[in-house]
Asker: 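Here it is, the structure in full.
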There are 2 protein chains.
Amino acid sequence: MTVCCDHHPPEETLTRNQRLVLETLRSEDKPLTAYNLLDRLRDDGLRAPPQIYRALDRLVNVGVVHRLDRLNAFISCNHNHCGGQGVLFAVCDACGSVEELKADTVESAILPTTEAIGFHAVQLVGEVRGLCGPCERKKTDG
Amino acid sequence: MTVCCDHHPPEETLTRNQRLVLETLRSEDKPLTAYNLLDRLRDDGLRAPPQIYRALDRLVNVGVVHRLDRLNAFISCNHNHCGGQGVLFAVCDACGSVEELKADTVESAILPTTEAIGFHAVQLVGEVRGLCGPCERKKTDG
DNA sequence: AAGGGTTATGTTACATTATAACAGATTTCA
DNA sequence: TGAAATCTGTTATAATGTAACATAACCCTT
Ligand SMILES: [Zn+2]
Ligand SMILES: [Zn+2]
Ligand SMILES: [Zn+2]
Ligand SMILES: [Zn+2]
């Protein structure tokens with residue numbers, strides 16, 4: 001089997017619970033909270049919050065899932081990027097949709113700033129709030 | 001009295017509770033949670049969470065306080081920048097210190113990316129995790 | 001000054017999000 | 001086999017954040 005890099009272990013190494021959580025997140029384009037996941041997975045034997053949070057911890061560390069701090073929610077990664085790199089989300093205030101963006105330029109823009117104060121950056125997460133295209137149009141039209 | 005711009009109303013327009021919360025945040029260089037504030041302000045008559053959260057809402061909207069999503073905590077702004085502009089924090093994983101950075105370059109790096117997908121950005125918040133200078137040195141020395 | 005709208009306040013109760021702690025099961029590998 | 005490590009299920013509880021409502025203060029207009 002092919003893996004994109006050392007940081008993303010093949011999905012065969014995921015445990016049953018981790019796979020269930022990941023699959024559920026992938027089946028949704030919107031972010032889900034831990035308790036959303038708990039509701040959807042109760043019939044599969046996941047009945048208590050720690051089961052969900054533990055699976056999420058692993059998936060986030062591995063890099064196949066991102067946590068959206070502003071929303072207390074989680075979303076599966078669509079970029080196969082490795083850990084340690086920048087992540088950028090565009091979160092629509094109106095419809096709640098979340099789009100993950102390539103953040104290459106962002107890293108190069110930010111790292112000099114943090115280095116200037118002697119800060120050793122490990123991970124960068126940016127969340128841009130605003131209105132997605134459709135919602136913006138709805139607003140100006142209506 | 002002088003104000004830096006329309007978005008920052010003079011502090012005379014703050015209510016008693018809002019002023020108390022702001023002063024408490026300013027007296028600390030570390031971020032405080034809503035319940036930290038509640039503890040410190042109980043003797044001043046703020047006894048229930050809504051009193052704190054309402055004051056924080058106003059202060060954040062006005063732009064004199066920022067919320068750190070990753071920490072569920074609040075910190076007073078040291079930049080007198082106006083609302084709607086980018087904010088960038090360097091959060092040390094070891095000691096919890098938070099440094100607010102000028103984010104001019106960040107905006108220009110990110111806005112083209114969001115515009116490319118038709119997203120209308122309103123606010124940008126970046127949180128960089130890592131190690132601050134002192135903690136990084138401690139690690140390599142020890 | 002009296003009325004009426006708006007905003008701020010205090011309070012209770014509750015909702016949501018997250019973790020501590022522990023015991024049993026499973027895997028891994030020497 | 002047996003010890004170490006990991007994953008698991010469970011209970012209970014901590015931490016964070018809001019809904020809802022009644023009162024009080026404030027600002028205008030009449
Ligand atoms: Zn990603
Ligand atoms: Zn939208
Ligand atoms: Zn600021
Ligand atoms: Zn530090």
Asker: Return the value, rounded to whole Å, for the distance between atom CG of L14(A) and atom C1' of dT8(D).
Answerer: 16 Å

Asker: Of the options dT11(C), dG9(D), dA18(C), whose atoms approach the side-chain atoms of N17(A) most closely?
Answerer: dG9(D)

Asker: With heavy atoms under 4.0 Å as the rule, sort R70(A) into base, sugar-phosphate or nothing.
Answerer: nothing

Asker: Counting only side-chain heavy atoms from C-beta out, which of dA8(C), dT8(D), dT16(D) sits nearest to T33(B)?
Answerer: dT16(D)

Asker: Check every strand shown and say whether R42(A) touches a base, only sugar-phosphate, or nothing at a heavy-atom separation below 4.0 Å.
Answerer: nothing

Asker: How many whole angstroms separate atom CG of L71(A) from atom P of dG17(D)?
Answerer: 13 Å

Asker: Can you see if the side chain of R16(B) gets near the phosphate of dC26(D) - specifically, an N or O under 4.0 Å from OP1 or OP2?
Answerer: no

Asker: Following the transitive rule for hydrophobic clusters with a side-chain heavy-atom cut-off under 4.5 Å over Ile, Leu, Val, Met, Phe, Trp and Tyr, establish whether V128(B) and L131(B) coincide in one cluster.
Answerer: no

Asker: When hydrophobic residues are tied together by side-chain contacts of less than 4.5 Å, even through go-betweens, does V60(B) share a cluster with L20(B)?
Answerer: yes

Asker: Just the rounded figure in Å: distance from C1' of dA15(D) to CD1 of I52(B).
Answerer: 15 Å

Asker: If only side-chain N and O atoms of T15(B) are considered, is one of them under 4.0 Å from the OP1 or OP2 phosphate oxygen of dT7(C)?
Answerer: no

Asker: Looking only at N and O atoms, is any donor in the side chain of Y35(B) or the base of dA14(D) less than 3.5 Å from an acceptor on the other one?
Answerer: no

Asker: Which is more 5' along DNA chain C, the nucleotide nearest P50(B) or the one nearest Y53(A)? Just name the residue.
Answerer: P50(B)

Asker: Would you kindly give the CZ-to-P distance between R47(A) and dT8(D), to the nearest whole Å?
Answerer: 14 Å

Asker: Of the listed nucleotides (dT9(C), dT11(C), dT10(D)), which one gets closest to any side-chain atom of Q51(A)?
Answerer: dT10(D)

Asker: dT19(C), dT10(D), dT9(C): which one has an atom nearest the side-chain heavy atoms of A48(A)?
Answerer: dT10(D)

Asker: Less than 4.5 Å apart, side chain to side chain, heavy atoms only: is that true for L71(B) and E127(B)?
Answerer: no

Asker: Nearest to the side chain of N72(B), which nucleotide is it out of dG9(D), dT18(D), dG17(D)?
Answerer: dG17(D)

Asker: Could you state the atom-to-atom distance from CG of D57(A) to C1' of dT6(D) in whole Å?
Answerer: 14 Å

Asker: Has the side chain of R54(B) got a donor or acceptor that lies under 3.5 Å from a partner of the other kind on the base of dG10(C)?
Answerer: yes

Asker: Would you mind reading off the distance between L46(A) atom CG and dT10(D) atom C1', rounded to a whole angstrom?
Answerer: 13 Å

Asker: Check L37(B), N17(B), N61(B), L32(B) against L56(B) for a side-chain contact (heavy atoms from CB on, under 4.5 Å) and give me the one that passes.
Answerer: L37(B)

Asker: Minimum heavy-atom separation for G45(A) to Q51(A), with atom names?
Answerer: O-NE2, 3.7 Å

Asker: Just the rounded figure in Å: distance from C1' of dA18(C) to CG of L68(A).
Answerer: 17 Å

Asker: Let me know the distance between CG of L32(B) and P of dG17(D), rounded to the nearest Å.
Answerer: 13 Å

